[in-house]
Amino acid sequence: MSPLARFVLPALAATGTAYAACSISGTTTIENNGDATAMASCTTFTGGIAIETGVQEPISISGVRELDGDLSVKNNSNLESISADSLETIKGKFELNDVRALNTLSFPKLSTVEEIQWVALPKLQNLEFTAEVKKAATVVISNTQLQSLKGINIETIDKIDINNNPYISDISMQLGNITTSLNLEANNPEVNITFPNLEWAFNMTFRNCSSIDLPSLETLNGSMGLYGNVLSGFAAPNLTKIGGALALVSNTEMTNLSLPELTEVSQNLQIANNTKLHKIDGLPKLKTIGGALDFNGNFTEVSLPALNDVDGAFNLQSTGDVQGQCDDFFKPLSDKKRIKGKFTCFGSVAKPGGQGTTPTVTGANSKKTGAASTLNVQKNAAMGLMGLAAAFFM
Ligand SMILES: *[C@@H]1O[C@H](CO)[C@@H](O)[C@H](O)[C@H]1NC(C)=O
Ligand SMILES: *[C@@H]1O[C@H](CO)[C@@H](O)[C@H](O)[C@H]1NC(C)=O
Ligand SMILES: *[C@@H]1O[C@H](CO)[C@@H](O)[C@H](O)[C@H]1NC(C)=O
Ligand SMILES: *[C@@H]1O[C@H](CO)[C@@H](O)[C@H](O)[C@H]1NC(C)=O
Ligand SMILES: *[C@@H]1O[C@H](CO)[C@@H](O)[C@H](O)[C@H]1NC(C)=O
Ligand SMILES: *[C@@H]1O[C@H](CO)[C@@H](O)[C@H](O)[C@H]1NC(C)=O
Ligand SMILES: *[C@@H]1O[C@H](CO)[C@@H](O)[C@H](O)[C@H]1NC(C)=O
Ligand SMILES: *[C@@H]1O[C@H](CO)[C@@H](O)[C@H](O)[C@H]1NC(C)=O
Ligand SMILES: *[C@@H]1O[C@H](CO)[C@@H](O)[C@H](O)[C@H]1NC(C)=O
Ligand SMILES: *[C@@H]1O[C@H](CO)[C@@H](O)[C@H](O)[C@H]1NC(C)=O
């Protein structure tokens with residue numbers, strides 16, 4: 001850029017009213033709305049725009065269509081609204097951090113932002129984003145009063161993190177892929193999640209969601225975790241491969257798990273503390289687990305008919321009577337070294353635990369031994385787990 005072009009004076013300057021440079025090196029600080037309206041003639045503003053800590057009156061950045069820099073407001077306790085009637089693109093960060101009175105953001109034309117970082121906006125309720133933001137590499141939205149993310153409808157994203165928005169009722173986007181990570185946590189516990197077009201994602205973590213709909217998901221390049229959700233079931237009808245681990249933990253209302261096309265989990269597969277999940281019958285094609293299998297819960301049935309290769313340990317502990325499945329299906333896989341790591345498989349366990357815990361088997365569960373006593377494995381340390389399995393179940 002030539003030195004002259006760096007300071008283009010708007011026509012208004014000639015009349016003696018406000019003017020602004022449309023290109024600066026660094027950041028311009030808006031101290032009142034006059035500073036914002038002074039930018040009106042800049043179709044493109046090059047440089048950062050920051051709104052000062054003490055600003056109270058609504059700020060309206062009009063005229064500017066493209067911002068080649070960041071737009072940021074930090075640590076402001078009085079500002080209630082920010083608008084930009086013409087702004088289509090923010091090439092840098094759109095950062096709002098600790099703006100305690102902010103209620104409304106009105107950006108009707110905004111469609112492209114490099115990064116959205118909206119954190120600690122406890123009064124933010126209204127997003128007026130008519131054109132919808134369709135492109136962003138990163139979206140972080142944390143601690144707001146938003147009820148909806150209408151207006152944020154990204155197609156491809158690197159990183160998305162939506163947490164601690166207690167009023168949000170649904171999160172739904174056209175996302176086709178997530179190249180780094182998705183994290184949804186501690187929002188409205190009733191929040192419904194829908195990503196109808198999502199075909200692949202790297203890592204995904206869902207906590208405290210009420211339903212998760214991923215009808216198109218085919219590949220997880222990395223790992224997926226579902227923790228503490230209140231959903232009644234989880235299905236990923238098109239998911240074939242998980243490049244990392246899969247964990248389903250403490251989803252206390254989940255009764256149904258359906259991953260009908262899943263053939264491979266490259267690292268650990270953990271299913272734990274999903275209190276009401278009684279049947280694991282939704283993994284008909286799962287053949288390979290590159291890490292450990294670690295299941296504990298109240299299962300009456302654990303069916304993995306295609307399982308042929310577990311590289312790590314195998315731990316299955318259930319309050320329900322799955323001993324038949326342990327003895328008839330899983331034990332032979334261990335004997336044939338299809339399960340390579342330490343093998344633990346018990347039904348009728350009082351308090352089923354994760355890998356490395358010692359199960360306490362109760363009651364007359366073993367169809368082969370008919371033993372009617374309570375057996376505390378810990379008191380039989382000398383026997384060891386393998387010895388125990390041998391003594392009772394072979
Ligand atoms: C926030 O702004 C107030 C003035 O409004 C100032 O006193 C305080 O130091 C600022 N805090 C931080 C963390 O910047
Ligand atoms: C989520 O979907 C369920 C079922 O359709 C509905 O009952 C619930 O109200 C939805 N949650 C919210 C916060 O709207
Ligand atoms: C990612 O998703 C977008 C939107 O659906 C799609 O246009 C693009 O081709 C996808 N990229 C890859 C590498 O799958
Ligand atoms: C995905 O998650 C795993 C395990 O937490 C981590 O090691 C890895 O770096 C993550 N990958 C990306 C791209 O975020
Ligand atoms: C599921 O995968 C099949 C085969 O790749 C594809 O034809 C179908 O459209 C996918 N379904 C959804 C809902 O994406
Ligand atoms: C993830 O897997 C999909 C499908 O195999 C592939 O198209 C995509 O390039 C992979 N993404 C990354 C970041 O490895
Ligand atoms: C959210 O999930 C976590 C587990 O990941 C759990 O500890 C927490 O209690 C849940 N919070 C709510 C509000 O349900
Ligand atoms: C379990 O999920 C599958 C797939 O989503 C569905 O077809 C089936 O009806 C569900 N079963 C129960 C008992 O909810
Ligand atoms: C399952 O619950 C038990 C008992 O509350 C706890 O000790 C254990 O850490 C939980 N397991 C996981 C994987 O969270
Ligand atoms: C089994 O169910 C009981 C009662 O519903 C519950 O307290 C316990 O946490 C469940 N155990 C596991 C491992 O999910």
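Indexing begins at 1, ligand by ligand and atom by atom, following the structure's order.
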F206 ring center near F234 ring center (under 6.0 Å): no

Can you tell me how far apart CG (L246) and CG (L257) are? Round to the nearest 0.5 Å. 7.5 Å

According to side-chain hydrogen bond (donor to acceptor under 3.5 Å, both in side chains), who are the partners of Q145, at least two apart in sequence or on a separate chain? Q125

Polar contact flag for N75 and ligand 1 (N/O pairs, less than 3.5 Å): yes

Given the options R338, K287, K340, K337, D309 meets salt bridge (charged side-chain N to carboxylate O under 4.0 Å, His left out) only with K340

Under 4.0 Å to a heavy atom of T53 - the qualifying atoms of ligand 1, by number: 2 (O), 4 (C), 5 (O)

For E218, the atoms of ligand 5 under 4.0 Å from one of its heavy atoms are 2 (O), 5 (O)

Could you see if L316 belongs to whatever hydrophobic cluster contains F329? Use Ile, Leu, Val, Met, Phe, Trp, Tyr and a side-chain cutoff under 4.5 Å. yes

For residues I154 and V133, determine if any side-chain heavy atom of one lies less than 4.5 Å from a side-chain heavy atom of the other. yes

Are K276 and E253 ion-paired here, with the side-chain N under 4.0 Å from a carboxylate O? yes

First-shell residues of ligand 4 [heavy atom, distance under 4.0 Å]: T180, F202, N203

